[in-house]
Every structure is written in structure tokens, then in C-alpha cells.
A.B. asks: 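Below you will find the structure I want to go over with you.
Both counts, for ligands and for their atoms, begin at 1 and track the order of listing.
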Amino acid sequence: MIDKLVELFALAQGWLFQGAVEPLMHYAGLGEFTEAAFEGTEWFLIGVCELVVLWIVLRPLEFFIPVHGFTDRRARWNDFVYTMIHRLGAFSILIFFVLDPLGDHIAGLLHLEGFKPFNLDDLWPGVTDQPVITFLIYLVVLDFFDYWYHRAEHHVGWWWGLHALHHSQRNMNLWSDNRNHLVDDFLRDMVMAVIALFIGVPPAQFVLLVVVSRMLQSLQHANVRIHFGALGERLLVSPRYHRSHHAIGSGHESHGAGSLGGHNFAVLFPVWDIVFRTARFSKTFEQTGIRDQLPQPVGSNRNYGNGFLEQQWLGLKRAAASARRHSS
Ligand SMILES: [Zn+2]
Ligand SMILES: [Zn+2]
């Protein structure tokens with residue numbers, strides 16, 4: 001079954017590449033980049049598959065077991081635009097223009113220095129060379145760095161200015177994982193890919209790691225009443241666990257005056273929150289948003305923007321204002 005799907009995928013990739021991408025590249029005089037474009041086509045198609053699977057699996061769940069019955073259709077559509085931009089376009093372009101050349105450059109430098117990338121396979125022959133085990137180890141190691149990246153997004157003023165866009169969604173839905181500031185998205189993809197390179201993740205595994213991580217994160221943001229039980233909640237981040245991170249007035253404000261601390265920063269594995277004492281296992285499905293979006297006296301009716309462009313612009317303004325405050 002999986003073999004057949006892989007075959008079908010390769011067929012679609014070849015067909016799309018030869019039928020559309022390659023002729024376009026030649027027409028635009030970009031013939032020398034065709035190899036990278038082939039890889040870009042793969043990421044585009046992976047994105048398409050993700051969107052289809054998410055829609056088939058999560059939309060019915062949102063219909064039958066929603067947290068909040070009311071859905072702001074416009075907000076959901078807007079988050080879908082974010083998902084398309086990131087998973088169909090921006091990520092492929094980033095790989096294409098930045099990561100591939102950067103990867104080659106770093107690999108070249110390391111080679112010159114006589115540095116051999118860390119090789120998990122040799123660590124415990126018979127165990128760490130099993131593909132499933134290596135995959136899980138890479139997933140956990142990358143998740144550790146993701147946890148700290150996420151903490152930094154909440155802790156550093158300008159970074160929170162960008163990340164607040166993600167938290168300003170009061171109607172969380174299956175597409176909300178990608179509701180991020182583009183600058184922050186690029187930064188995170190770059191950081192994670194460079195770390196993957198340094199710890200020696202093979203390219204084929206990198207694709208799978210990205211897909212598994214993105215699918216799980218989409219589930220976490222869906223408007224579904226799902227938790228994994230007492231033990232499960234401690235093993236894998238569930239929709240309820242992550243919702244608690246988005247909870248209005250408690251989940252995520254760890255920066256600035258009147259700071260509320262924040263909890264549940266883990267991206268896939270709550271173990272980091274447990275170890276670094278930021279875990280909170282709430283039994284309720286909380287309302288999401290940012291405190292200052294509320295009317296006075298709690299908040300200030302702050303506007304985080306309705307459409308994509310306004311949200312991006314306001315994010316930049318918040319980040320710049322915070323950086324200015326810090327430097328003065
Ligand atoms: Zn989130
Ligand atoms: Zn956050």
C-alpha cells in the first residue's frame with residue numbers, strides 16, 4: 001500500500017515538474033536551478049497531500065466535537081491562506097533559495113575543518129541504526145530545540161511582538177498552526193533546518209520529520225474536544241494541552257509588565273514543560289486569545305488585524321516598537 005502511494009507520488013511529481021515547472025524555469029532563464037526546483041516541487045506536493053488529509057480528518061471532527069460551536073468563517077479562511085502560503089509556497093522557496101545553498105556551504109566548511117557530522121548509527125549498533133529509532137531520536141532532539149525557540153518567542157520583546165499574531169486567534173481551527181508572522185516563520189524554519197544539518201539528519205528523514213511535526217501541530221490547534229488521557233497528556237501534546245497555552249489571560253504572556261508567566265510551551269512532547277517546570281494539565285478547554293484584546297478594564301480592545309496583510313504589518317509595528325523601547 002505504502003509502496004503504491006510512494007509510486008503515485010513520484011509519478012505526480014515527475015508529471016508536474018516536466019509539464020509545468022521545468023518549462024517555466026527555462027522560459028524564465030532559470031535553467032541552472034532545475035535540480036532545486038525538482039525538490040521544491042516535492043515540497044509543494046507534500047503540502048498539497050497534508051492539506052487534503054487534514055481537511056478529510058479534522059473537518060468532520062470539528063463538526064461533530066467542537067470546543068466552541070460558533071466559528072468565524074472569515075478567521076478560518078484567513079488561517080487557511082496562511083497554511084497555503086507556508087506549506088505550498090514559502091517553505092519550498094526557503095529550501096530552494098536559502099537552505100540548499102547554505103547546507104552545501106556548511107557541509108563544505110565542516111569537511112574542510114575535518115568535522116564529521118554526528119552519526120547516530122554508530123552510537124549503539126543494532127539499536128540506533130534502526131530507522132524507527134533514529135527517527136524518534138531526531139524527533140525528540142529537534143523538539144527540545146523547538147521548545148526553547150518557543151520560549152524565546154514569548155520572552156524576548158520584539159519576538160513576542162511577532163508571535164502575538166499566532167496567539168491573537170480567538171477562533172482556533174485546523175489551519176491556525178500556520179497563523180504566524182512570516183519573519184518568524186522563516187527564522188524558525190532556518191534555525192530548525194540548520195540544527196537538523198548539524199546533528200546529521202539524513203534528507204529523506206528530514207522530510208518525514210517535518211511532515212509528522214506539522215500534522216501533529218495542526219491537530220493541536222483544531223477546534224476539537226480531544227485530550228489523550230492522564231498518561232497520554234504527558235507523552236504527546238494534545239489539542240487540550242496546547243489550547244491551555246493559548247488560554248486568554250494565563251497561557252502565554254511571559255513578557256513585560258504584569259507578566260502572567262505562561263505555560264505549555266512544548267511543541268510535540270510535554271516532557272520539556274515537565275522538566276523545566278512550565279507544564280499545566282488543565283481539565284477544561286479554555287477560551288483563547290490575548291488579554292489586551294478584551295475590552296476595558298481587563299484589556300484595551302487592541303487590534304491585531306483582520307486580514308493577512310494587516311496582521312503582518314501590525315506584527316512588524318509591534319516588534320519595531322518593542323525593539324525601540326528596549327534600546328531607549
Ligand atoms: Zn499554537
Ligand atoms: Zn506561543
A.B. asks: Give the intermediate values and the outcome of ring pair (Phe, Tyr, Trp, His ring centres under 6.0 Å) for residues W148 and F276.
C.D. replies: CA-CA 10 Å; W148 284 106; F276 300 110; 5.0 Å; yes
A.B. asks: At the Zn ion (ligand 2), what angle lies between atom NE2 of H150 and atom NE2 of H154, rounded to 10 degrees?
C.D. replies: 90°
A.B. asks: What is the distance from atom OG1 of T288 to atom CG of N223, rounded to the nearest 0.5 Å?
C.D. replies: 9.0 Å
A.B. asks: Can a side-chain donor-acceptor contact be found between H163 and H154 if the only test is distance below 3.5 angstrom?
C.D. replies: yes
A.B. asks: Distance below 2.8 Å from the Zn ion (ligand 1): how many protein N/O/S atoms qualify?
C.D. replies: 4
A.B. asks: P23 and F17: which non-hydrogen atoms are nearest, and at how many Å?
C.D. replies: CD-O, 3.9 Å
A.B. asks: Indicate whether any N or O donor in one side chain lies under 3.5 Å from an N or O acceptor in the other, for D177 and H166.
C.D. replies: no
A.B. asks: Are E233 and S238 linked by a side-chain donor-acceptor pair shorter than 3.5 Å?
C.D. replies: yes
